[in-house]
Peer 1: 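First the structure, then my questions, so here it is.
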Amino acid sequence: MCGIVGYAGARPALGIVLDGLRRLEYRGYDSAGVAVINSGLLSCKRSGKLTNLDKALAELSANGGDGGLVTGTTGIGHTRWATHGPPTDRNAHPHQSTNGRIAVIHNGIIENFATLRAELEAAGVEFASDTDTECVAHMLAAELTALEEGSPHQAPAPAGVPASGTVPNKGPLLGVSFEEGSPVQAEHVSRVPSSKPGEVLAEAMRRVCRRLEGAFTLLVVDKEAPGVVVGARRDSPLVVGRGEDGNYLASDVSAFIAHTREAVELGQDQVVTITADAVEITDFRGEPAAGRDFHVDWDATAAEKGGYDYFMLKEIAEQPRAVADTLRGRLSDTGQIMLDEVRVSEQDLRDVDKIFIVACGTAYHAGLVAKYAIEHWTRIPCEVELASEFRYRDPVLDRTTMVVAISQSGETMDTLMALRHAKEQHARVLAICNTNGSTIPRESDAVLYTHAGPEIAVASTKAFLTQLIACYLVGLHLAQVRGIMYADEVATIVSQLQEMPGKVDSVLDVMEPVRQLGRELAGSPSVLFIGRHVGYPVALEGALKLKELAYMHAEGFAAGELKHGPIALIDNGTPVVCVVPSPVGRSVLHDKIVSNLQEVRARGARTIVIAEEGDEAVAAYADHLVRVPRTPTLLAPLVTTVPLQVLACEIASARGHDVDQPRNLAKSVTVE
Ligand code: M6R
């Protein structure tokens, strides 16, 4: 959802914050804004992409009017995916308190905001935006005032809001706001004994957080506490970067990876205060708390486009390496499959009698593929559920149920809530995740990390392939622990998996005709995708890619279902992409899809056939034939998905869309 970054240190903050926002823009790009402390609170924000903010800042500088924005060494920045209020200038973050003392940025949704807003308005606070976030700014200002007046108790939200002589907050979007000499500053006397910078601000944050319901990451700067950024998190990501010349806060490590690779994962319901040389963490009640230190195992170049026009193109090209990295070191000397973190006993794994896979979007499609492999290898029933639906239908779960949560970001709220529901019912939870330091692996009993590296493009590509690898490994691990597969059988499949990076590479080598086809199909009103067995989820994934990138009607179907209704969609020239299963081993499946191909062609479809090398039976029914290497049936999605990613990317680009940042979307969906 939104991207958040903060810095307190010795260097000018603005450049660091903007650079961080650029790396976080994939999380949301409806509007962007910054606030810097430098002899006052200075802020600038604009609707639209980050470039609009860049332009506004450049104009301010050109007019000599940045007022110190460029040189201040404490700052915060935000890139927004709108929830409350449209993506306008006034709703862009940061939001300021009425007295102009503090600026707040926020990711998530404050669910009791209507109540809080009503309280504040009843006390005379005038709101300058439609956002839930602005409540926090006013509440923090109130708590700061209450604390400084010596109130030992948590003040009601409106208390202490300055009544008169304050700077009206009708629109900090105007560019830079100067508040030096405002009455609040002049009257500022801290009555809270404190030797540490930011202690009062941190206490105000704790008081406010205790009143908030919902999910949030918050960062605040206070012009009375220069050199300090205070953050808080509940059910929304926030990591600390420990640098040599200052400390960082961000939604994810990519924001500060150019400056440090030493990070701290914050726990649930924690408040963190950073200054140039200190990081202090407490819980919401003020008890000292600790985060989990970790080292980021990739560097800034991994989060750059590296010469590609789009991150998506780079990430498609990185798939062979990502698959290889996810496989590396998974087979021990004794032939055992290794996960990364296992906080569940082997006996518990042996007792598993039912598996649910929960995930969203592309990760859900990975789960659909996994079902075939896991059931085949473990003989344990495996259901795949959309995480957003899972807990609402009251699934039957107990200690012998394993729930596999798949998430690239590790922060998807729907998946997190499904996971928590599973844990409440005492199920064992295993996470497949790409993001170290994120919430989903932290709350799971066992974790297998995909080593895809940072995925910046909103459309998931390398994450999908590595999720497939992880699912295969989980299936093999369970089969092994339960004694269903012998070490040599597992080793055979692992060696087949180890051939996959080369096979994916060879698919990438022959993508030019697919790109050409993409340009030809750019004007089509609709594209249909069909597949059988593991090719069915691949068809769904191909359609999802096209929808999200090209904004075209696209649907994936189980090929056998066509005749039960969807075949009516086919008209003269309708493009139908068909994912053909290997003819080797499962010839019945193959024969059936050949019939489906004939059916759609008989109704005028233009067929685009993804088929294995050597499969000559399909050639006669293909208007366009895309060859993939011969691959064991269960592993085939690792190669058949790739042309569909390239096709969607090319169609979107030919239609003039921003491939990396499709409209209405965000990379990390941290609201339900
Ligand atoms: O971070 P997650 O894997 O949990 O994200 C799940 C979906 O939001 C994600 O896969 C989404 O569907 C992609 N944009 C699709 O390309």
Side-chain angles (χ1 to χ4, degrees), residues 1 3 24 26-29 81 107 235-237 251-252 254 310-313 315-316 319 322 326 357-370 384-390 403-419 429 431-441 443-444 447-450 452-468 470-471 537-538 540-551 554 556 641-642 644-649 652 657-672:
M1 294 280 100
L24 292 182
Y26 70 90
R27 300 179 67 90
Y29 31 84
W81 186 84
N107 174 30
D235 287 340
S236 182
S251 306
D252 77 46
S254 62
Y310 299 110
F311 278 109
M312 185 179 176
L313 289 173
E315 289 159 8
I316 289 172
Q319 293 183 113
T326 304
I357 300 179
V358 292
C360 305
T362 289
Y364 170 73
H365 297 154
L368 290 174
V369 173
V384 191
E385 301 245 359
L386 289 168
S388 54
E389 290 292 320
F390 185 62
V403 171
V404 179
I406 309 177
S407 174
Q408 186 283 132
S409 61
E411 299 293 348
T412 299
M413 187 57 75
D414 291 318
T415 310
L416 179 61
M417 288 305 171
L419 177 165
V429 178
I432 291 174
C433 184
N434 193 40
T435 312
N436 201 324
S438 60
T439 308
I440 287 172
E443 296 195 14
S444 297
V447 186
L448 198 157
Y449 285 106
T450 51
E455 192 179 66
I456 311 284
V458 164
S460 195
T461 53
K462 60 178 179 172
F464 179 69
L465 259 58
T466 57
Q467 284 162 353
L468 294 178
C471 289
V538 172
L540 294 176
E541 176 61 6
L544 174 61
K545 284 287 149 302
L546 202 51
K547 276 182 263 204
E548 72 176 332
L549 295 175
Y551 322 151
T641 307
V642 176
L644 308 191
Q645 298 168 340
V646 173
L647 186 71
C649 185
H657 299 320
D658 182 337
V659 170
D660 286 337
Q661 297 180 341
R663 69 183 181 198
N664 303 338
L665 291 171
K667 180 71 179 165
S668 178
V669 185
T670 53
V671 294
E672 275 191 277

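In each ligand, atom 1 is the first atom listed, and ligand 1 is the first ligand listed. Predicted model only: the values in this text are computed from it and were never measured.
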Peer 1: Give the residue and atom name of whichever protein heavy atom lies nearest to atom 11 (C) of ligand 1, and the separation in Å to one decimal.
Peer 2: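 Nearest protein contact, heavy atoms only, for atom 11 (C) of ligand 1 is Thr362 N, 4.1 Å.
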Peer 1: Taking only residues two or more places apart in sequence, or in another chain, which ones meet Ala470 in a side chain to side chain contact (heavy atoms under 4.5 Å, CB included)?
Peer 2: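 If we apply the side chain to side chain contact (heavy atoms under 4.5 Å, CB included) test to Ala470, skipping adjacent residues, the hits are Ile432, Leu448, Thr450.
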Peer 1: List in chain and number order the residues that pass ring-ring contact (aromatic ring centres under 6.0 Å, His included) with Tyr26, two or more places apart in sequence or in another chain; answer none if no residue qualifies.
Peer 2: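 Checked Tyr26 against ring-ring contact (aromatic ring centres under 6.0 Å, His included); zero matches.
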Peer 1: Which atoms of ligand 1 have any heavy atom of Ala363 under 4.0 Å away?
Peer 2: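 This gives 3 (O), 10 (O) as the contact atoms.
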Peer 1: Is it true that the side chains of Ser460 and Glu455 contain a donor and an acceptor less than 3.5 Å apart?
Peer 2: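 There is such a pair between these side chains.
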Peer 1: Going by the atom numbers of ligand 1, which of them fall below 4.0 Å from some non-hydrogen atom of Lys545?
Peer 2: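 Counting from 1, the qualifying ligand atoms are 15 (C), 16 (O).
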Peer 1: So if I count the atoms of ligand 1 from 1 in the order they appear, which ones are less than 4.0 Å from some heavy atom of Ser407?
Peer 2: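 Selected atoms, number and element: 1 (O), 2 (P), 3 (O), 4 (O).
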Peer 1: Could you tell me if the side chain of His365 sits less than 4.5 Å from the side chain of Thr641, heavy atoms only?
Peer 2: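 No - every pair of side-chain heavy atoms lies 4.5 Å or more apart.
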Peer 1: Considering only heavy atoms, does Glu411 approach ligand 1 within less than 4.0 Å through its side chain, its backbone, both, or neither?
Peer 2: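 The answer is neither.
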Peer 1: In ligand 1, which numbered atoms sit nearer than 4.0 Å to a non-hydrogen atom of Gly361?
Peer 2: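 Close to Gly361: 12 (O).
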Peer 1: Within ligand 1, which atoms have a heavy atom of Gln408 less than 4.0 Å away?
Peer 2: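 Once the distances to Gln408 are compared, the set is 1 (O), 2 (P), 3 (O), 4 (O).
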Peer 1: Under a 4.0 Å heavy-atom limit, does Lys667 contact ligand 1 with its side chain, its backbone, both, or neither?
Peer 2: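 Neither; no heavy atom under 4.0 Å.
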Peer 1: With heavy-atom distances below 4.0 Å as the criterion, list the atoms of ligand 1 near Thr412.
Peer 2: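 Those of ligand 1 that fall under 4.0 Å from Thr412 are 1 (O), 2 (P), 4 (O), 5 (O).
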Peer 1: Of all the atoms in ligand 1, which lie at a distance below 4.0 Å from a heavy atom belonging to Ser409?
Peer 2: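 Contacts of ligand 1 toward Ser409, numbered from 1: 1 (O), 2 (P), 4 (O).
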Peer 1: Report the nearest protein non-hydrogen atom to atom 6 (C) of ligand 1: residue, atom name, distance rounded to 0.1 Å.
Peer 2: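 Result for atom 6 (C) of ligand 1: Cys360 O, 3.4 Å.
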Peer 1: Any N/O of Val458 closer than 3.5 Å to an N/O of ligand 1?
Peer 2: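 For ligand 1, there is an N or O atom that lies under 3.5 Å from one belonging to Val458.
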Peer 1: Does Glu548 reach ligand 1 with a nitrogen or oxygen that is under 3.5 Å from one of the ligand's nitrogen or oxygen atoms?
Peer 2: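 For ligand 1, there is an N or O atom that lies under 3.5 Å from one belonging to Glu548.
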Peer 1: Side chains of Asn434 and Thr466: is there a donor and an acceptor less than 3.5 Å apart?
Peer 2: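 No, because no side-chain N or O of Asn434 sits under 3.5 Å from a partner of the opposite role on Thr466.
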